[in-house]
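Inspection log for the structure reproduced underneath, given as structure tokens.
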Amino acid sequence: MLEINNLTARIGDTEILRGLSLSVKAGEVHAIMGPNGSGKSTLAQVIAGHQDYVVTGGTATFNGKNLLDLEPEERAREGVFLGFQYPVEIPGVNNAYLLKAAVNARRQHQGLGEIDAFEFLKLAREKMAMLGMDTKFLNRGVNEGFSGGEKKRNEILQMAMLEPKLAILDETDSGLDIDALKAVAEGVNSLRKPDRAIVLVTHYQRLLDYISPDFVHVLSEGRIIRSGDRTLALELEEKGYDWLREAANG
Amino acid sequence: MSAENLESMVNRRYAHGFITDIATESLPPGLNEDIVRAISLRKNEPEFMLEWRLQAYRQWLEMKEPTWAHVHYPPIRFNEISYYAAPKSDKDRPKSLDEVDPKLLETYEKLGIPLHERARLAGVAVDAVFDSVSVATTFKGKLADAGVIFCSFSEAVREHPELVRKYLGSVVPRRDNFYAALNSAVFSDGSFVYIPKGVRCPMELSTYFRINAANTGQFERTLIIADEGSHVSYLEGCTAPMRDENQLHAAVVELVALEGAEIKYSTVQNWYPGDENGVGGIYNFVTKRGDCRGANSKISWTQVETGSAITWKYPSCLLRGENSVGEFYSVAVANNRQQADTGTKMIHIGANTRSTIVSKGISAGKAQNAYRGLVKVMPQAHGARNHTQCDSLLIGKDCGAHTFPYMEIKNPSAKIEHEATTSKISADQLFYCRQRGIAEEDAVNMIVNGFCKEVFKQLPMEFAVEAQALLNVSLEGAVG
């Protein structure tokens, strides 16, 4: 589904990704771990097409299409979803309005008509119930005045509504208390499907107690220095990152 | 935000820029007493009107052009402006739409205002001002049945001189300011409305203004009188063709609300803002004022300002009557090199008077947008209350927003609240929307419309849709 080969990218003059390769297939859950500044969030942003990051080399394809040729909204409509680490507030814009516009943009791309207003509300209520969200959030400004946990739940709500093929969740666990973490994790688990891939970007292995990944990759200085299964995360929890970095550099 | 995108916004051409080829019968450029007399003569005005104009002209001569506004423009050469232009058909004023110059009707078509259709479908009486003379008035019958007078100002001067005499200049005196004095001397035409006691006007009154003759200042005069216990909603909207020279526009609008009366005045203004360098846009120096003369009266201004090279406009309320209410809801968009200095004045004179100000300023490109508002509470205005909310939205890094709130509170019982915010459409907000599959331009529109929601909901339904569309066009490509 997602094939990344020897990808290099920079922001300003700083090279952040330095030859990263990653292969993600439908139905898989991958965890990308690594110390601060290793390039985890950059990878997420580059896949989504953030304009501040300049790709300087390598390739990235999504279901055979050259991802790097597509505008961010085109990538989204193809089914790439990014759950933001810091979801922005958009005051004055109704949460339901944004959600509906997003759903319709995707539907239009798929050759479907606009979603019926009642159908939309019904669907949104269902998903919100699943995530333990109060429906009043639909009528608030996008993320406006939301707590950290509410923002993250709102991201998962959007993911649930948009039904992406590939979901990249950037530090979705950061800043969450244990109840919020459980709710978000349950939401994500319920969205695991054979035709959907999920990439979890996380600093701590805590999230992986609730969402069990098929693969774990360790990122350091813009490259994946070790890949393994779920046990690699536990090893990291115990030993930290340094031993891997030393091994990689040595 | 990317520089290219801002660039493309700056380069967007004015969608309504075309010129209708109708021969105009203008007076030679320049201003003196003979010109004032000539204008009055052409309009067959009674003596009192000519006298009034001449006095205004003499007062204007003694006045100085104001310079306090946060706008910059080359000096206006008042002697190079022609003060009267009328469509050729003026001599033979059409009695119905069939008699209207087809070219003129074509213009309305291009603007998307099919006059008869629009009037019929929407149930709106349209008093269309093309250049300086009203050429078509509809729905007169229905209004006449209700006793409502809705006609061109010239007609009012001839048919209802007693009302004109009583109320003209009673809200905006001739010497109120430089441009009001100029307008008083040379005003060409405009609209006149009188709603009799206890009457609720059966339809929304609408006028479309359009400037079309090159180098001709247009000086409308509007007077709306709502007698005791009456109610009227008036809609004003305008577009203008592309021009090279700057066009001076100095209108005066006077509203009078007697006891228990209510006037709702809505404006959607889309005059030619000039090219990307600000050349050729309209200078819009307007005096709009409402007088809540009677107890329990209410005047509400709602404006959506997207056009003009320079806007200088402060729709205001004199709250004289006890318990009277003044409202001002404004969206002002300034793009490219547009300059807007707009706001309101709420003068609390009567006891327990209340006012609400909601101002939304949007700046993009290299534009400068200023809110200037005065809340004044006179000593006798016990229990006066004001709430002001003043928000600015910036798109791009080369524009500016300025807020100049003035408060003069002379009664200690007054309750005054002022809130102000400045925000920016950030690259992060746009990226967030795009990551959800929403195109950049749609995202900007969504954010801007969200920002303006409070004002839009004050507009009559059909106008609100138009205003939203207009805003989207005005900011097309204003993203990054």
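All chains are named by letter (A, B, ...) in the order of the sequence lines, taking the proteins before the strands, and each is independently numbered beginning at 1.
Contact count versus chain A (heavy atoms, under 4.5 Å) is highest, among B/Cys452, B/Gly437, B/Ser423, for B/Gly437. By number of non-hydrogen pairs under 4.5 angstrom with chain B, the leading residue of A/Gly141, A/Pro164, A/Pro72 is A/Pro72.
In this structure, the portions of A/Leu82 lying under 4.5 Å from any heavy atom of chain B include both its backbone and its side chain. Residue A/Glu78: no heavy atom, backbone or side chain, is found under 4.5 Å from chain B. A/Pro87 touches chain B through backbone and side chain together, each having a heavy atom under 4.5 Å away.
For OH of A/Tyr86, the number of neighbouring non-hydrogen atoms (other residues, nucleotides, ligands) closer than 6.0 Å is 12 at most. A/Glu114 CD: 12 or fewer foreign heavy atoms inside a 6.0 Å radius. The local environment of OH in A/Tyr97 is sparse, with at most 12 non-hydrogen atoms from other residues, nucleotides or ligands closer than 6.0 Å. Atom NZ of A/Lys151 has more than 12 neighbouring heavy atoms from other residues, nucleotides or ligands inside a 6.0 Å radius. More than 12 non-hydrogen atoms from other residues, nucleotides or ligands lie less than 6.0 angstrom from CZ of A/Arg140.
Taking CD of B/Glu440 as the reference point, atom CD of A/Gln51 lies at 7.5 Å (rounded to 0.5 Å). Atoms CG and CZ, from B/Asp428 and A/Phe84 in turn, are 8.0 Å apart once rounded to the nearest 0.5 Å. To the nearest 0.5 Å, atom CD of residue B/Gln435 and atom CD1 of residue A/Ile168 are 7.5 Å apart.
Of all the heavy atoms in A/Gly83 and B/Arg436, the pair that sits closest is CA-NH2, 4.4 Å. Closest heavy-atom contact between B/Ile438 and A/Arg77: C-NH2, 4.2 Å.
With contacts defined as side-chain heavy-atom distances shorter than 4.5 Å, the pair A/Ile90/B/Cys433 qualifies. Within the 4.5 Å cutoff, side-chain heavy atoms of B/Gln429 are placed close to those of A/Pro91. For the pair A/Leu98 and B/Tyr432, the minimum side-chain heavy-atom distance is below 4.5 Å.
Annotation: ring-ring contact (aromatic ring centres under 6.0 Å, His included) contacts involving residues 38-59 of chain A, sequence neighbours excluded, comprise A/His50-A/Tyr53, A/His50-B/Phe431.
Listed by sequence position, A/Ala102, A/Ala105 are the residues of residues 102-112 of chain A in contact with chain B, using a 4.5 angstrom heavy-atom cutoff. Among the residues in residues 192-200 of chain A, none has a non-hydrogen atom closer than 4.5 angstrom to a non-hydrogen atom of chain B.
Checked for salt-bridge contact, B/Arg434 and A/Glu74 miss the test: no charged N lies under 4.0 Å from a carboxylate O.
Residues forming a side chain to side chain donor-acceptor pair (under 3.5 Å) with A/Asn154 (at least two apart in sequence, or on another chain): A/Asn95, A/Asn143.
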